[in-house]
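First up is the structure itself, then whatever we jot down about it.
Proteins come first, then strands; the chains are lettered A, B, ... in the order of their sequence lines, and each starts at number 1. Fair warning: this is a prediction, and the values are worked out from it, not measured in the lab.
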2 protein chains.
Amino acid sequence: MSPKRALTRNQALVLQTLTASEEPLSAYAILDRLRDDGFRAPLQVYRALDALLQTGLVHRLDSLKAFVACAHPHEHADEAMVAFAICESCGRVWEFSDSKIEDRFAAWAAAEDFVTKTTTFEISGLCAACRKAQGPAGPGV
Amino acid sequence: MSPKRALTRNQALVLQTLTASEEPLSAYAILDRLRDDGFRAPLQVYRALDALLQTGLVHRLDSLKAFVACAHPHEHADEAMVAFAICESCGRVWEFSDSKIEDRFAAWAAAEDFVTKTTTFEISGLCAACRKAQGPAGPGV
DNA sequence: ACTCCAATGTTATATCATAACATCTCTTGC
DNA sequence: GCAAGAGATGTTATGATATAACATTGGAGT
């Protein structure tokens, strides 16, 4: 979809920041981490994010209002349906896709004559490591 | 999940507003429509929405930052995975669920030992009516 | 009538995102 | 080399979404 341009300096900095982070970051969190690199205003972050979202190098998690580096930057070009599992406790994100789910949804869309443009598929919960750490009783919240 | 309480006045007003609307509404759009009923501050809307979301009478569409009345208020108690198809053109929302998709996702979760709490599944695109209205060439954007 | 508790009202503020316009920095053609 | 154009960047201001903190009200049960 996008003609694979080299990243600009700002885009590279934002992408590095997201790649280095264990968890998704909000635009303002990214801004804070890039103050020393000369970032002063949210727009600098949002503009870089827009470009990175276009090329599929970054995803936005609507349910968190935050951004993550794509785990598989080569494979999908913003076209495939990607799902995200987000651990509420540690914040880590698992990215996966399932062609059977895709087919199944495509069947619904065909039946309703609906043309899909974008998908948002996000699951919140607790990952295995966090549940073990918190013990069998589970966390209060 | 929630002990089925009667709605308060504010909750009833917010729910009526959403039910009467053809499209999802932002909290501030709801506020504007309820000025004549004495609503003055966003918090009045957000508090009512919180209660309605708890009981499953309303859904939040993260991709739109907006809210819709649930199409099937009786069936699911916030537990089932519900998907939303949203027409970019007319704003209408189709709500559906598919047990095969649910099973398929459950299989992934079991394999990864991930415990699901909440799901966000939203698809944006164009509905049949809007595509017909705009002609076979489709819209510019 | 009194007490308690939930709902409500009100003000202020936090957080997320974009509009509008000035400036810089390459590249390209000359 | 240098002017012109295009894209990227910087900067200020503002819009849009959401919540914190605390005062007030109103009804259920006694």
The first and last nucleotides of DNA chain D lying within contact of chain A, meaning any atom under 4.0 Å from one of its heavy atoms, run from D:dA8 to D:dA18
Just how far is it from atom CZ of B:F67 to atom CG of B:L52, taken to the nearest 0.5 Å? 10.5 Å
So NZ of A:K117 and OG of B:S124: to nearest 0.5 Å the spacing works out to 9.5 Å
Using the test side chain to side chain contact (heavy atoms under 4.5 Å, CB included), find all partners of A:D103 that sit at least two apart in sequence or belong to another chain. none
Would you mind reading off the distance between A:D62 atom CG and C:dC16 atom P, rounded to a whole angstrom? 13 Å
Give a yes/no answer on whether the side chain of A:K65 brings an N or O atom under 4.0 Å of OP1 or OP2 in C:dA17. no
Report the residues that fulfil ring pair (Phe, Tyr, Trp, His ring centres under 6.0 Å) with B:F96, sequence neighbours left out, ordered by chain and then residue number. A:W108
Salt bridge (Lys or Arg N to Asp or Glu O under 4.0 Å) against B:R104, all qualifying residues, sequence neighbours excluded: A:D98
Whole angstrom value for the distance that separates C1' of C:dA7 from CG of B:L49: 15 Å
Where at least one partner belongs to residues 16-26 of chain A, residue pairs that pass salt bridge (charged side-chain N to carboxylate O under 4.0 Å, His left out), sequence neighbours excluded: A:E22-A:R92
Which residues pass the side chain to side chain contact (heavy atoms under 4.5 Å, CB included) test with A:T19, not counting sequence neighbours? A:L15, A:A69
Ignoring backbone atoms, test whether B:T8 places a side-chain nitrogen or oxygen under 4.0 Å from the OP1 or OP2 oxygen of C:dT8. yes
Looking at CG of A:L57 and CG of A:L7, how far apart are the two atoms once the value is rounded to the nearest 0.5 Å? 6.0 Å
Can you find a heavy atom in the side chain of A:F39 that is under 4.5 Å from one in the side chain of A:N10? yes
Ordered by number, residues from residues 9-19 of chain A within less than 4.0 Å of DNA chain D (heavy atoms) are A:R9, A:N10
How would you list all residue pairs meeting salt bridge (charged side-chain N to carboxylate O under 4.0 Å, His left out) that involve residues 41-66 of chain A, not counting sequence neighbours? A:R60-A:D62
Enter the distance from A:I123:CD1 to A:I86:CD1 here, rounded to the nearest 0.5 Å. 8.0 Å
What residues, two or more places apart in sequence or in another chain, satisfy ring pair (Phe, Tyr, Trp, His ring centres under 6.0 Å) together with A:F84? A:H59
Using a 4.0 Å cut-off on heavy atoms, which residues in residues 28-48 of chain B reach DNA chain C? List them by number, or say none. B:R40, B:A41, B:L43, B:Q44, B:R47
Not counting sequence neighbours, which residues clear ring pair (Phe, Tyr, Trp, His ring centres under 6.0 Å) with B:F121? List them please. A:F121
How bent is the helix from C:dA1-D:dT30 to C:dC30-D:dG1, comparing axes over its five end pairs at each side, to the nearest 10°? 20°
